[in-house]
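Structure, as structure tokens:
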Amino acid sequence: MNGAWESRKGTLTMENDEKKQTILIVDDEPIVGKTVGKAMEQITDDVVIVQSGAAAVEVCRSRSFDVVVSDMKMPGMDGVELLRLLAHD
């Protein structure tokens with residue numbers, strides 16, 4: 001099951017021998033970002049957490065991510081605007 005998501009007994013895992021998966025978590029509430037980040041660490045140890053859309057754009061300028069998980073309602077740039085912007089870059 002190379003490169004596919006698999007759910008086993010309530011756990012989500014990513015099986016991919018080719019490269020380490022990278023995940024970006026974007027949430028303006030630190031406790032939510034930390035909680036989601038801890039859950040994503042079951043999939044990979046390469047998890048980056050930022051607290052704003054602007055910070056997400058900045059970190060995406062220096063590296064790429066396989067998955068972006070974003071809060072939809074944030075001050076400044078909301079999640080929809082962020083994801084549209086990242087999709088165009």
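All figures in this text were calculated on a predicted structure; none of them were measured in a lab.
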Which heavy atom of [X] sits nearest to which heavy atom of [Y], and what is that distance?
X: Gln21; Y: Asp66; value: CA-OD2, 3.2 Å
X: Val59; Y: Phe65; value: CG1-CE1, 4.0 Å
X: Ser70; Y: Gly79; value: OG-CA, 3.6 Å

Exercise for review: Would you mind checking if Arg63 and Asp46 are paired as a salt bridge, meaning a charged N to carboxylate O distance below 4.0 Å?
Suggested key: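 Salt bridge present between Asp46 and Arg63.
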**Study point:** Asp28 and Lys73 ion-paired at < 4.0 Å
**Key:**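 So Asp28 does not pair with Lys73 through a salt bridge.
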Review point. Heavy-atom distance under 4.5 Å between the side chains of Val69 and Val26, does that happen here?
Key: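 Answer no - side chains too far apart.
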Give, for atom [atom1] of [X] and atom [atom2] of [Y], the distance between the pair rounded to the nearest 0.5 Å.
X: Asp71; Y: Gln51; atom1: CG; atom2: CD; value: 11.5 Å
X: Asp27; Y: Met74; atom1: CG; atom2: CE; value: 7.0 Å
X: Leu82; Y: Leu24; atom1: CG; atom2: CG; value: 7.5 Å
X: Ile49; Y: Met40; atom1: CD1; atom2: CE; value: 10.5 Å
X: Asp78; Y: Ser52; atom1: CG; atom2: OG; value: 12.5 Å

Exercise for review: Dump the intermediate steps for side-chain contact (heavy atoms from CB on, under 4.5 Å) on Leu83 and Met72, then the final yes or no.
Suggested key: CA-CA 9 Å; Leu83 296 175; Met72 289 290 108; 3.7 Å; yes
Please determine whether residues [X] and [Y] belong to a single hydrophobic cluster, defined as Ile, Leu, Val, Met, Phe, Trp and Tyr linked transitively by side-chain heavy-atom distances below 4.5 Å.
X: Val47; Y: Ile43; value: yes
X: Ile25; Y: Val67; value: yes
X: Val80; Y: Val36; value: no

Check your understanding: Considering residues at least two apart in sequence or located in another chain, which fulfil the salt bridge (Lys or Arg N to Asp or Glu O under 4.0 Å) criterion with Arg84?
Key ->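 None.
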Review point. Are the side chain of Thr44 and the backbone of Glu41 linked by a donor-acceptor contact shorter than 3.5 Å?
Key: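 Checked: no pair found.
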